[in-house]
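Have a look at the structure below before the remarks.
Below, chain A is the first sequence line, B the second, and so on; all start at residue 1.
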There are 2 protein chains.
Amino acid sequence: MSPLVKIRSERDQMSAVERRIADFILENAQLLRDYSSQQLANALGISQSSVVKFTQKLGFKGYPDLKYSVGEAIARADNGDATHVATKAAEAHDESGVGSLWRRKSEAEEETRLINTPDTLQAVADAMATAGAKGKVFMIGLGDDDIYARSFALRLSLLGIPTVHNFDAARMAASVSAAGAGDVLLVFSEHGNHPALCKIGRFFRERRGRLITVTRHTSNPLRALADIALLVSAHDDRPYIQPVLYQSALQHLLDGVFVQLCEGDEQRHVQLLSNLERVQQMLDP
Amino acid sequence: MSPLVKIRSERDQMSAVERRIADFILENAQLLRDYSSQQLANALGISQSSVVKFTQKLGFKGYPDLKYSVGEAIARADNGDATHVATKAAEAHDESGVGSLWRRKSEAEEETRLINTPDTLQAVADAMATAGAKGKVFMIGLGDDDIYARSFALRLSLLGIPTVHNFDAARMAASVSAAGAGDVLLVFSEHGNHPALCKIGRFFRERRGRLITVTRHTSNPLRALADIALLVSAHDDRPYIQPVLYQSALQHLLDGVFVQLCEGDEQRHVQLLSNLERVQQMLDP
DNA sequence: AATTCGTCTGAATTAGATATTCCAAGACGA
DNA sequence: TCGTCTTGGAATATCTAATTCAGACGAATT
């Protein structure tokens, strides 16, 4: 039972001094944290030993025991709205727009998480894994997208999946020209309407490769071509925030695929770990 | 901030004895309630004074203060679990560790947000802005870090800040060789111990440039050189998660600086907006 | 009315916990 | 190699909590 409830319930059968202690605690529970038994006694003009006896009578081991119990009770009580620590902290900081950024990022990431079902992530991860075993993964993105394509490509490489990343359409075209069944092409394009990329995508599909697109959550020509389409959702009026959100959400999505890839299948998991170990060995000495 | 998060985030730059204390507390937080500083010391085979010093180093008034804070945190957490069954269930439903990833990411990002004060972000943003007016921003990162250096460099360029980004130390050395007062060098190095980067940093400072480092939250030679040090905190046992968290936290940090840069100063804000508009005009038609 | 008993309280004491000081050993740079 | 700095522990000082003991008060009994 909460210590405060206990105190209240016993209050009526207490002596005068005890009742004063009880009342003080009930009214100033949050102050208790900084009071020693002596200070509390002083504040009430009574002796320290009375305070200790009070706590023992109530069934606590001693004064600190009561103190900690009350502290916990308060913590539990005012927890009501502290749902997500991150959100809370972000809101508290909320000065100069930076605080709001964290919230907007969370929102964008969450939206993105919701519009891509776990099944989709799993399907993408499986496609990568298959390509890792029987073929190659090609990856391309232009502009800002190239960075995330590259980052993701590096991660796949670390897992032992043969990955080809190109910065521009011309090189990609060359790389893809000989692709075939068992290969995967991952195209990053925020708006999904870059003609060169669409063309490469179409060609790749004709060669029986699996096409995965990563675009904004709109209907766009690139997405229409895809075997599997990953979608990113992010909105903000401010022109300089917009890309930050898009990139966060995109990164978030890729993180999800990556972990799914690492952990989705037991056998794969083991194999990937040994891969990483070999990489470490090469780098360490 | 939750005392446990705080302990976690500082753990990496603790001495051996301190780390043992940290680990014990993290693993047995609920036991703390019944431990005196002396008992805790005995349990770990260390001296009582070390325990007290540990708590003070972390910013608590003393051992009881820490103990009390941990108690509150646990109480809050317990309650959280009980009340937010829905959230819990949702996370359980997208199984196989992907659910936990989002939480781990949030934690890493939060930690990182906490160890870099708003003042630091502001200082970095100001340094960039000044460099944009009177000099140049140089940026370098090796390995995985290069991606984030590049991404950030692109953003700065969009804002009209002259930015030089290099993928390798040799080119950077060449770029930096003529740097001077008014210039800023931003060095990304997860472990902060790359000799070539330290050397470039030292040289750059001799040329009176401002050196900003971005490293893991440990004490490392690179960070020691810096005018301003940005810190990233991220931990996970799983070798494939670790980099994901590091990169998320890093990205998060850079986002913060970027927004601070965009919104921190009214005049700058207006100017940056018009810049963006011009960029749009060039790309649109 | 005086005595006795029980209860309550505080002063004094003791026990216990926490904080500080000081010193030795090791790490790090010059 | 020699300071210098850092770290951890022993000893100590300070503070806190718990117990003991004695006096005060009141109710019940003779």
- Message: Between Leu66(B) and Ile7(B), is the side chain to side chain contact (heavy atoms under 4.5 Å, CB included) condition met? List the steps.
- Response: CA-CA 10 Å; Leu66(B) 166 73; Ile7(B) 292 173; 4.3 Å; yes

- Message: Let's see if you can work this out: which of dA17(D), dT20(D), dA19(C) has an atom nearest to the side-chain heavy atoms of Ser36(A)?
- Response: dA17(D)

- Item | Any Ser47(A) side-chain N or O less than 4.0 Å from OP1/OP2 of dG10(C) | yes

- Message: Expressed as a whole number of angstroms, how long is the span from Ile46(A):CD1 to dA11(C):P?
- Response: 11 Å

- Task: Tell me which of Val52(A) and Ser15(B) sits closer to the 5' end of DNA chain D, going by the nucleotide each one is nearest to.
- Result: Ser15(B)

- Message: Need one value for Gln56(B): base, sugar-phosphate or nothing, where a base atom within 4.0 Å counts as base even if backbone is also close, heavy atoms only.
- Response: sugar-phosphate

- Task: Check the angle between the aromatic planes of Phe24(A) and Tyr35(A) and answer parallel, tilted or perpendicular using the 30° and 60° thresholds.
- Result: tilted

Protein-nucleic acid N or O pairs under 3.5 Å, nucleotides 24-30 of chain C:
none

- Task: Dump the intermediate steps for side chain to side chain contact (heavy atoms under 4.5 Å, CB included) on Val70(A) and Gln30(A), then the final yes or no.
- Result: CA-CA 8 Å; Val70(A) 170; Gln30(A) 72 299 341; over 6 Å; no

- Query: Within this structure, what is the CZ-to-P distance between Arg20(A) and dC8(C), rounded to whole angstrom?
  - Reply: 16 Å

- Query: If you draw the axis of the six-membered ring of Tyr63(B), does the NZ or CZ of Lys53(B) fall within 45° of it and under 6.0 Å from the ring centre?
  - Reply: no

- For atom NZ of Lys53(A) and atom C1' of dA18(D), their distance in whole Å: 10 Å

- Item | Nucleotide of dG9(D), dT9(C), dA17(D) approaching Tyr63(A) most closely (side-chain heavy atoms) | dA17(D)

- Item | Residue pair His217(B) / His235(B), side-chain heavy-atom distance below 4.5 Å | no

- Between dA11(C) (P) and Asn42(A) (CG): distance, integer Å: 11 Å

- Message: In this structure, how many angstroms lie between the P atom of dC15(D) and the OH atom of Tyr35(A), rounded?
- Response: 18 Å

- Out of dA12(C), dA19(C), dC22(C), minimum distance to the side chain of Gln48(B) belongs to dA19(C)

- Short question: side chain of Asn220(B), backbone of Asn193(B) - any donor-acceptor pair under 3.5 Å? no

- Query: If only side-chain N and O atoms of Ser50(A) are considered, is one of them under 4.0 Å from the OP1 or OP2 phosphate oxygen of dG10(C)?
  - Reply: yes

- Task: Output the single nucleotide from dT18(C), dT20(D), dC8(C) whose closest atom is nearest the side chain of Lys57(A).
- Result: dC8(C)

- Length of the CD1-C1' vector between Ile21(B) and dT7(D), whole Å: 12 Å

- Taking CG from Leu32(B) and P from dT18(C), how many angstroms apart are they, rounded to a whole number? 10 Å

- Message: Taking Arg11(B) first and then Glu18(B), would you say they form a salt bridge - that is, a charged N and a carboxylate O separated by under 4.0 Å?
- Response: no

- Message: Taking the nucleotide of DNA chain D with the nearest heavy atom to each, does Ser49(A) or Gln39(A) sit closer to the 5' end?
- Response: Gln39(A)

- Query: Whole Å only: how far is the CG atom of Asp65(A) from the P atom of dT16(D)?
  - Reply: 19 Å

